[in-house]
Every structure is written in C-alpha cells, then in structure tokens.
Amino acid sequence: MAAFRVLIVESDTREAAELQQLIRSWEYTSATGSREPAEICLASSAAMALGAYDEFLPNLLIFGPVAAAQTANRNVRQLRQRGGIEPVPILCVQGAGVATQAPPIECDDILTKPYSPALVQLKLASIRRFCEFSRSLMAQRDRLRRHHADFLQEQANAREIFDNLGNESCLNDTPAIRYHLSPRAVLNGDLLVATHSPDGKLVLMLGDFAGHGLAAAVGAVPLTSIFYSMVPRGFSMTRVLREVNGKLFDILPRQMFCCLVMLEFDPRRKHLRIFNAGMPSPCLKRASGELVMLESRHLPLGVLPGDQIDRALVNQRVLPGDRLYLWSDGVHEARNGRGEHFGESRLLELLRMDGQEGPEIFDQILVAVSAHAAEQHDDLSLVELDLSDPVLSRREWSPVAPDGQRQGGRIGDWSISFRLSEQELRDADPLPYLLSVVGQMPGAARFHEDLATALGELFRNALEHGVLELDSSLKCTDEGFVRYYDLLAERRGALSGGWVSVSLSCSQHDQDGVLKIVVEDSGVGFPHVQEPKGVYAGRGLGLLQTVCDEVRYGPGSSRVEAVIRWGAEPASAEDIESKGLARAVQTPPVPV
Amino acid sequence: MVVSDRLESRVISEISDSGDTVVIRVAGNFDFNVHRDFQRAYRNLAPPPKIFLVDLSATEHLDSAALGMLLLLRDYCVELEREGFRPEVELINANPHVSHILAVSNFDRIFSIR
C-alpha cells in the first residue's frame with residue numbers, strides 16, 4: 001500500500017486530469033527516506049467516492065472545482081464520517097470564475113485556480129505531516145488502551161489474591177469493628193487485617209505501604225499471609241512483627257517500607273497492647289471523653305534488618321466504654337481547594353465533640369473528610385473498635401459448631417514434656433509450637449482453645465511471677481499496669497538463669513478423657529497463697545478456672561497442676577450453656 | 001559555592017568549595033515528582049562528599065515517597081562505605097509539619113536531624 005493516498009472527486013475529466021498531474025508531480029518522502037509519488041484514486045461523484053472509500057482508505061480528499069460546486073454539504077459530511085475517528089482532511093478547489101462563491105463549509109481548506117504549484121506542494125506537505133502526526137497519535141492511543149486494559153486486569157487479579165488471603169479475616173463478624181477502606185485499598189497500599197489468637201484475643205493490623213500500585217500490593221501479600229498464618233497459631237505479637245519486619249526488609253526495594261499499627265486486645269483481661277511503627281497515632285477514646293494518643297515508637301517496618309519491637313510496645317488498660325480509632329495518613333492528607341490538609345487536629349476536634357446528638361462519630365469523620373477533600377478522596381482508611389462490646393471475645397460470637405466439630409476421633413493416651421532454660425525464655429515463644437504439635441492429635445479440637453488458654457496462663461504465671469518475680473499487685477493502678485509490662489520486657493531481656501517446665505498428659509477412655517497440665521518453674525513460689533486470692537491470683541487465675549475443671553498448687557505454688565476433662569456428649573444445649581455459666585461465675589472478683 | 005542544576009528544578013544542590021559538603025535543598029512538596037532530580041543531586045559525585053545536608057527549610061510537605069528517597073540516599077552512602085568512606089546524612093531546617101512527619105516515622109533513629 002502506498003504511503004500517501006489521495007482521493008480526487010471530480011466529474012469534469014479535464015479538471016480531474018489537471019489535479020492528478022499536479023499531485024503526481026509532488027513526491028512524497030516517506031519516514032524511511034524513500035521517495036515515491038502519492039497514490040491517486042479518481043471518483044466522478046461523491047457517491048462513487050463513498051463506494052471507493054473503504055477499499056482505498058485515503059489520507060486526503062480533494063473536491064475538484066466542478067464537484068465542489070455541485071456537492072452538497074451533506075455528502076461531504078458523509079465522506080468525512082467514513083473516515084471514523086482518524087481525521088482525513090478535505091480540500092475543495094475553487095475555480096477562477098467562481099471565486100466569490102463560498103466553498104462548501106464542510107471542507108477544511110481550499111485550493112484556488114489557477115493552481116500555483118508551489119502553494120499546492122506546500123499544502124500537500126503540511127497535510128502529510130498532519131496525517132503522520134495523527135497516525136502516530138492513534139498508535140499511541142491504541143498502545144495506551146492495551147496497557148490500561150492490562151493494568152485493570154492486573155488490579156483485578158491483585159484484588160482477587162487479596163480477597164483469598166483475607167478469608168480468615170474476622171472484620172465482618174461483629175458490629176464491634178467498623179471500618180472503611182477506600183475501594184482502591186489494595187492498590188494504594190493500605191491494608192487492614194484482623195483475626196483471633198487461639199486464646200481468644202483479637203489481633204488487628206492496619207498498614208500503609210510507602211509507594212503505590214502493584215509494588216505495594218505485592219509487598220502486602222507476605223505481610224497478610226504471615227499475619228494469618230502466625231496469629232491464629234498463637235504466636236505473640238512480637239514474634240509476628242519480627243517476622244514481618246525481617247521479611248519486608250529482605251524483599252522490599254530500599255525506598256519502600258511499611259508503616260503499620262498492630263494491636264492485640266484481650267477482652268477478658270481488658271488489656272490492650274499496641275505497636276505503632278510510623279502510622280498516625282491511634283486514639284483511645286475513654287467514656288470520660290479523655291483522648292489517649294498512641295504515638296509511633298518504631299521505625300516503619302522493612303527499613304532496618306533489626307528491630308526493637310519489645311521496646312516499642314505500649315500497654316493500655318481498657319476501661320468500660322473505651323473505643324479505639326485508627327486511621328491512615330489519607331485522613332491527614334486530604335486537601336481542600338486551598339491545599340490545606342485535613343490534619344489531625346480537625347479529627348481530634350470531631351472525636352472530642354462526640355457524644356452529642358447526631359450520627360455516629362465514625363460516619364461523621366468520613367463525611368467531614370470527604371467534605372474537606374477537594375477532589376474525590378480515595379485513599380482513606382478508618383477503623384473503629386468498640387472495646388467494651390462483649391462480642392469482641394471470640395467464644396461468644398462464634399460458638400463451636402454443633403455439628404461435631406469438637407467430636408473428632410480418639411485423642412489417645414500420651415504424654416509430652418519439655419523444659420525451657422534461660423536462653424529460650426529470653427526470646428522463644430514456645431506455646432505455638434507446643435499447641436501445633438498437640439493440635440495435630442485427632443480430636444484435639446475438643447480442647448484446643450481451652451488448652452491454649454490454660455497453657456498460656458500457666459506459662460505466663462510461671463515466667464512472670466515465678467522466674468521473673470514480678471508482682472502482679474503492681475497492676476492494680478493504671479500506672480503500675482504499664483510499669484508491669486515495661487518491667488516484664490526489661491527483666492526478660494536481662495534474664496540469666498531460671499527455667500520453666502511444662503508437661504502434658506492425656507488419657508482417654510471410651511467417651512471421656514482427662515488432659516493434665518503441669519507447669520513448674522525455678523522460682524521460689526508464693527508460699528502464702530492457698531486461696532485464689534492475694535498477689536498470685538490475678539484475673540488470669542480466674543480465667544484458668546473457667547477453662548479447667550481443677551487447678552491445684554504444689555508446695556510454694558511453683559508447681560501448678562490443671563486438669564481439663566471432657567465427658568460423654570452432653571445431654572442438651574442447655575446443659576452446655578449452664579455448664580459454661582457455672583464456670584463463668586467462678587471467676588473471682590480480683591484485680592487484674 | 002557552585003550552583004548546579006536547572007533553575008526550574010525544585011531540587012537544588014550546592015557543593016561547598018572544599019567539596020566536603022553537599023547541600024540538597026528541596027522546595028515545596030518533597031514527593032515522588034522530584035525523585036529524579038533528588039537522585040541526580042547526590043549520585044556520581046567524585047569524590048563523594050563527607051556530608052550530605054538535606055536542607056528542608058523550603059520543604060512544605062513530605063510524603064512517604066520522600067521518606068523512601070531519603071532511605072535510598074542513606075543506602076547509597078552505605079554502599080560508598082565499601083569503597084572507603086561513608087558520608088553522613090543530616091536533615092536540617094525542617095518546619096514543624098515536616099519534623100512531625102519525620103518524628104512519627106522515627107526517622108530520627110537513623111538520620112541525624114537538626
């Protein structure tokens with residue numbers, strides 16, 4: 001196909017020949033430098049031109065003087081439309097005798113007779129440049145379209161992967177958690193995940209990747225999968241965060257990192273632990289109206305290979321009526337028409353005003369931010385946790401399925417014991433391993449949660465009170481409460497000497513069985529404790545008694561023995577309920 | 001002082017006469033749009049200076065991409081260490097808003113901020 005094609009419409013053969021002659025004398029220089037004349041197609045009328053159009057695909061249409069005078073604008077328009085989106089210029093020739101007659105208004109330019117060859121050549125050359133320009137524009141447009149389609153497909157894939165990763169999420173299980181993530185959450189780098197630890201704590205993480213698009217989404221994949229694989233197995237927050245930091249440091253390009261807040265809420269002990277690495281401070285709103293800001297104490301994750309997670313953890317005691325708000329910097333950075341950020345102060349003002357009549361504060365914040373933002377606001381994440389809501393405790397909102405989830409097969413007769421020495425106590429987190437071993441036993445689902453709770457309590461008691469000699473009466477005051485956990489981290493890090501041993505033995509008969517847990521430590525014990533009161537007995541002890549059928553203290557109470565029994569299938573649902581209730585009321589009203 | 005870089009750039013770098021110090025000044029929004037200019041300001045200086053001073057006095061806002069760029073600069077200095085001397089990076093003259101962002105991100109732990 002010739003590089004440049006001209007369609008001439010002219011009924012008068014002499015005029016047509018003259019035009020043809022003129023164009024042929026002009027040599028088209030192609031992009032590769034080869035010179036060739038333009039290709040010409042002749043049509044005697046607009047109707048014939050229409051017929052020839054699709055086969056010839058002209059780059060330029062010229063109406064000769066006679067045709068120009070005779071053709072209606074309508075026909076010219078038809079020809080122009082045939083060109084589709086690609087612009088094909090239309091020239092009309094004006095004869096010398098009809099110079100005063102207006103050219104058809106649908107044309108782009110005119111040639112006048114008598115022809116000035118130089119002028120015609122100039123016009124043809126400029127039209128040819130115009131055509132090439134528009135052709136390359138079209139090619140770019142097509143390329144962009146393809147890229148855009150690929151991009152949308154990639155986004156859809158990324159989102160699907162995300163949805164699959166998050167299927168263990170408990171975000172939608174309870175009205176106590178409200179959240180708003182922008183629709184483009186995955187691709188602007190914001191990330192929200194939440195699940196439960198085996199002993200019923202809620203663990204939630206809000207993260208914000210530096211960078212946008214696919215890179216951020218790809219970075220979020222290991223983060224999400226570490227979270228959902230470690231937390232439900234009972235790994236501590238410190239361990240999970242350490243794993244996340246190490247993984248992100250290994251895989252992320254140097255300029256990328258992740259700001260995140262991770263929190264762990266124990267609804268039974270009313271205890272909140274929070275870790276903030278570079279995110280805007282979450283706000284704990286007390287029923288009294290007091291706002292407690294939990295500021296960042298750590299570098300964003302993925303920046304340094306090492307971390308100081310223990311030192312950056314903040315402990316907060318939760319009081320009735322407490323609610324927690326978390327957000328990403330999309331809230332701060334929403335700009336209005338004058339370029340002013342929404343900022344933290346406006347947000348805190350709203351939180352302070354909460355309590356007056358009107359829609360809920362959560363909605364108010366969203367409305368205020370989008371009203372402030374000049375353009376469509378799309379990278380905003382906001383989370384509200386109602387910490388007083390009893391359903392935050394897992395047991396109460398997802399009861400064990402009645403269809404035999406807990407029945408399983410035979411659990412068997414076995415025993416297992418292990419002993420942790422100082423090195424292990426300093427940095428190991430032994431419970432997840434033990435729980436995962438025991439969890440492999442057929443039928444272990446029957447006692448798995450109770451075991452996680454009981455073992456957790458006993459191990460922590462042995463470590464904190466036995467080996468580290470922490471006094472839980474410290475926890476009676478708010479300040480002491482925080483001091484207690486600071487001391488814990490400090491003493492644990494400096495531990496030299498001491499051990500904890502744990503042994504489990506299980507024996508099963510036909511329909512019932514007994515799981516005995518013995519935890520012993522190197523500490524001197526607490527000789528005065530006979531009753532579940534006094535310094536040794538915190539909320540933890542009460543908890544222990546709600547899940548265990550018996551709890552016995554050895555001499556000096558550095559040896560504790562707990563027993564979980566399960567019997568023949570209970571007669572009815574009420575039976576389970578009343579048993580549960582009976583256990584619950586045993587919780588002694590002692591301080592945390 | 002030798003003034004380099006184009007006039008319209010929002011990143012201006014100056015090398016002290018002794019060649020020991022390179023001051024990189026970022027005006028307006030320190031964000032992804034300046035990343036080429038920012039990299040150009042510190043790469044391929046022979047010999048590398050002893051100190052990179054990132055002057056934030058004209059910086060109005062700084063986002064996470066900018067934090068990433070600072071990490072790249074730091075990384076670049078760590079790489080130079082292999083060839084001998086590791087330049088220091090100092091962030092100076094940040095306005096309250098910008099220093100707040102740096103503080104929240106705990107960047108004071110890895111950069112010296114004045």
Side-chain angles (χ1 to χ4, degrees), chain A residues 188-190 207-213 215-216 219 245 248-249 252-261 275-282 293-309 311-312 327-330 332-335 338-345 379, chain B residues 10-11 24 26-43 52 54 58-82 86 89 91 95-113:
Chain A
N188 73 24
D190 280 6
D208 181 2
F209 271 87
H212 295 257
N245 185 55
L248 291 182
F249 181 78
L252 291 184
R254 197 47 56 231
Q255 76 276 22
M256 265 183 79
F257 51 84
C258 183
C259 298
L260 63 81
V261 168
F275 171 83
N276 185 354
M279 285 288 274
S281 310
M293 305 305 290
L294 302 156
E295 72 273 13
S296 160
R297 294 189 171 194
H298 201 276
L299 272 162
L301 300 191
V303 172
L304 293 182
D307 56 64
Q308 297 184 314
I309 284 155
R311 284 214 256 148
W327 54 85
S328 65
D329 59 6
H332 291 202
E333 292 180 359
R335 283 165 187 265
R338 289 193 299 279
E340 293 163 347
H341 289 148
F342 186 76
E344 190 180 59
S345 54
D379 64 341
Chain B
R10 290 199 279 118
V11 180
I24 305 174
V26 185
N29 260 6
F30 191 175
D31 58 20
F32 192 74
N33 295 320
V34 303
H35 86 284
R36 271 175 213 286
D37 291 336
F38 188 75
Q39 281 199 346
R40 209 178 299 140
Y42 65 80
R43 284 191 179 269
F52 284 107
V54 181
T59 307
E60 284 156 25
H61 179 65
L62 174 144
D63 71 358
S64 60
L67 295 175
M69 287 182 252
L70 292 172
L71 291 175
L72 284 175
L73 170 57
R74 180 176 172 273
D75 216 44
Y76 181 73
C77 293
V78 173
E79 262 172 47
L80 286 179
E81 189 172 22
R82 275 187 229 133
R86 171 174 171 180
V89 181
L91 314 182
N95 72 27
H97 171 67
V98 170
S99 20
H100 178 71
I101 294 170
L102 291 170
V104 161
S105 315
N106 285 275
F107 266 49
D108 46 347
R109 302 223 180 129
I110 50 173
F111 291 104
S112 87
I113 300 180

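Keep in mind that this is a model prediction, so the values were computed, not measured.
Between A/Q255 and B/H35, every side-chain heavy-atom pair lies at or beyond the 4.5 Å cut-off. Contact annotation: the side chain of B/H61 approaches that of A/H341 to within less than 4.5 Å [non-hydrogen atoms, C-beta and beyond]. Taking 4.5 Å as the limit, every side-chain heavy atom of B/S105 sits out of range of all side-chain heavy atoms of A/L299.
Atom-to-atom distance recorded for B/L72:CG and A/M256:CE is 11.5 Å, nearest 0.5 angstrom. Here the SG-CG distance, from A/C259 to B/L67, works out to 7.0 Å after rounding to the nearest 0.5 Å. Put simply, CD on A/E344 and NE2 on B/H100 are 5.5 Å apart, with the number rounded to the nearest 0.5 Å.
In the displayed structure, B/F32 atom CZ is contacted under 6.0 Å by at most 12 heavy atoms of other residues, nucleotides or ligands. No more than 12 heavy atoms of other residues, nucleotides or ligands lie within 6.0 Å of CZ in B/R36, so this atom counts as exposed by the packing criterion. The number of heavy-atom neighbours closer than 6.0 Å to CZ of A/R311, taken from other residues, nucleotides and ligands shown, is 12 or below.
Within the 3.5 Å criterion, the main-chain N or O of A/A210 finds no donor-acceptor partner in the side chain of B/S64.
Taking both residues in full, the closest heavy atoms of A/L304 and B/R74 are given as CD2-NH2, 3.5 Å, listed atom of the first, atom of the second, then distance.
In this structure, chain A has a heavy atom under 4.5 Å from the side chain of B/N29, while its backbone stays farther away.
Most heavy-atom pairs under 4.5 Å with chain A: of the set B/L70, B/L71, B/I110, B/V104, this distinction falls to B/V104.
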